[in-house]
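Single-structure report; data block below.
All values reported here derive from a predicted model rather than from experimental measurement. Here, residue 1 is the first one in the sequence, and each next residue gets the next number.
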Amino acid sequence: MEDNFIGIGSTRKVYKYNDIVIKRFLHPIGYKQGLNEQYMYDFLEKEGLAEHVAKVTYLDQQMLIQPYFKPLPLENGYSYEINLIHDSRLTDDLKDAIHLIDSKLDGFDFLDSGNYGLDDKGNLILIDYGMTKKLYENEWVPLAESGILLQIFFNECVTCGLKKELIMYGDWDSDYRCVQCGKE
């Protein structure tokens, strides 16, 4: 499974297998994000906007499975901020879906390019949308500030020497390696 590793966040680790992604939960907050993604997908399906977000095809307390969408390329090794007004890859329906998730479902973090993939037509698809403002403020922030949950920082990897996003577990973490060089 480690050969299929494609990404890690503070609460979930993501693997690609054929044409699906498997998000394995590293923390109970990851499971809550999965529940939120299922609820949000179902809500958007009723609104006719579900094709613009990655469908949850399976969910249990250990993992979530969704279709695979090609990740957006990094810019100089970093994710970047999506311009929700001017990015030509955003369809009007995706903008409507994001608006509903934000205004009706307490959605959070729609500007990070790492939360999007590309469909076969080159349109953006929201692939990571389960964090809510309430979950972030009430549960994620206190755990991240205490070093229990990882955070992402831009710094130089001590192994490969490239400046990129590094996963750090609070102020006490002195392992400045990137995931590609072995950081778990």
Side-chain angles (χ1 to χ4, degrees), residues 1-80 82 87-91 93-95 97-98 100-101 105 107-132 135 149-150 152 157 159-160 162 164-167 177-184:
M1 187 73 130
E2 290 302 316
D3 290 344
N4 299 330
F5 169 77
I6 58 172
I8 190 167
S10 58
T11 64
R12 308 190 285 190
K13 194 170 186 179
V14 183
Y15 303 90
K16 180 181 184 287
Y17 180 76
N18 294 328
D19 60 347
I20 63 169
V21 293
I22 301 164
K23 295 178 181 178
R24 186 173 59 84
F25 306 134
L26 302 174
H27 189 274
I29 292 174
Y31 176 58
K32 290 177 183 180
Q33 287 177 265
L35 290 171
N36 288 340
E37 285 177 345
Q38 179 68 69
Y39 179 78
M40 291 176 184
Y41 180 87
D42 292 343
F43 182 91
L44 291 174
E45 191 170 47
K46 291 175 187 165
E47 298 294 320
L49 297 169
E51 70 185 68
H52 306 286
V53 299
K55 180 179 183 174
V56 175
T57 59
Y58 178 82
L59 173 66
D60 67 22
Q61 292 189 334
Q62 283 79 43
M63 74 177 89
L64 173 143
I65 297 176
Q66 294 173 305
Y68 172 78
F69 292 96
K70 181 180 173 184
L72 297 180
L74 299 175
E75 291 183 357
N76 298 318
Y78 305 109
S79 62
Y80 55 92
I82 296 286
D87 194 311
S88 63
R89 300 168 299 180
L90 278 162
T91 63
D93 283 348
L94 176 55
K95 290 177 186 178
I98 291 169
L100 284 175
I101 292 171
L105 303 171
F108 179 72
D109 199 18
F110 304 112
L111 299 180
D112 186 342
S113 65
N115 293 336
Y116 292 87
L118 294 171
D119 68 12
D120 293 338
K121 298 174 188 168
N123 295 318
L124 291 176
I125 301 292
L126 193 55
I127 60 173
D128 186 358
Y129 54 98
M131 184 62 77
T132 62
L135 184 59
L149 290 178
L150 64 88
I152 306 294
C157 172
T159 304
C160 69
L162 298 175
K164 55 170 75 174
E165 294 176 341
L166 301 181
I167 296 168
R177 292 178 300 150
C178 65
V179 171
Q180 291 80 8
C181 290
K183 176 89 177 236
E184 282 285 325

Once you round to the nearest 0.5 Å, how far does [atom1] of [X] lie from [atom2] of [Y]?
X: L64; Y: N36; atom1: CG; atom2: CG; answer: 11.0 Å
X: L126; Y: L90; atom1: CG; atom2: CG; answer: 9.5 Å
X: M63; Y: Y31; atom1: CE; atom2: OH; answer: 12.5 Å
X: N115; Y: L124; atom1: CG; atom2: CG; answer: 11.0 Å
X: T57; Y: Q38; atom1: OG1; atom2: CD; answer: 9.0 Å
X: Q33; Y: M131; atom1: CD; atom2: CE; answer: 4.0 Å

Please confirm whether the backbone N or O of [Y] pairs with a side-chain atom of [X], one donor and one acceptor, at under 3.5 Å?
X: Y129; Y: A54; answer: yes
X: K16; Y: Y68; answer: no
X: Y116; Y: F110; answer: yes
X: K32; Y: G34; answer: no
X: S79; Y: S113; answer: no

Step-by-step side-chain contact (heavy atoms from CB on, under 4.5 Å) determination, M40 to T132: CA-CA 11 Å; M40 291 176 184; T132 62; 3.7 Å; yes
Is the OH atom of Y80 crowded by more than 12 outside heavy atoms at less than 6.0 Å? yes
Pairs satisfying salt bridge (Lys or Arg N to Asp or Glu O under 4.0 Å), at least one member in residues 107-132, at least two apart: R12-D128
To check you understand the geometry: which heavy-atom pair defines the closest contact between [X] and [Y], and what is its length?
X: E37; Y: I127; answer: OE2-O, 4.0 Å
X: Q61; Y: F25; answer: O-CD1, 3.3 Å
X: C157; Y: R177; answer: SG-CA, 3.7 Å
X: L105; Y: F43; answer: CD1-CD2, 3.7 Å

Contact between [X] and [Y] at the side-chain level, heavy atoms closer than 4.5 Å - yes or no?
X: K183; Y: L166; answer: no
X: L49; Y: L100; answer: yes
X: C178; Y: T159; answer: no
X: I22; Y: N4; answer: no

Candidate pair L44 and H52, rule side-chain contact (heavy atoms from CB on, under 4.5 Å), full reasoning: CA-CA 9 Å; L44 291 174; H52 306 286; over 6 Å; no
From the list L135, L26, L149, side chain to side chain contact (heavy atoms under 4.5 Å, CB included) partner of T11 resolves to L149
V14: what forms a side-chain contact (heavy atoms from CB on, under 4.5 Å) with it, not counting sequence neighbours? I6, V21, K23
Test side-chain contact (heavy atoms from CB on, under 4.5 Å) applied to Q66 and V56, step by step: CA-CA 5 Å; Q66 294 173 305; V56 175; 4.0 Å; yes
Under the criterion side-chain contact (heavy atoms from CB on, under 4.5 Å), I'd like the reasoning laid out for Y39 against L35: C-alpha separation, chi angles, the key distance, then a yes or no. CA-CA 6 Å; Y39 179 78; L35 290 171; over 6 Å; no
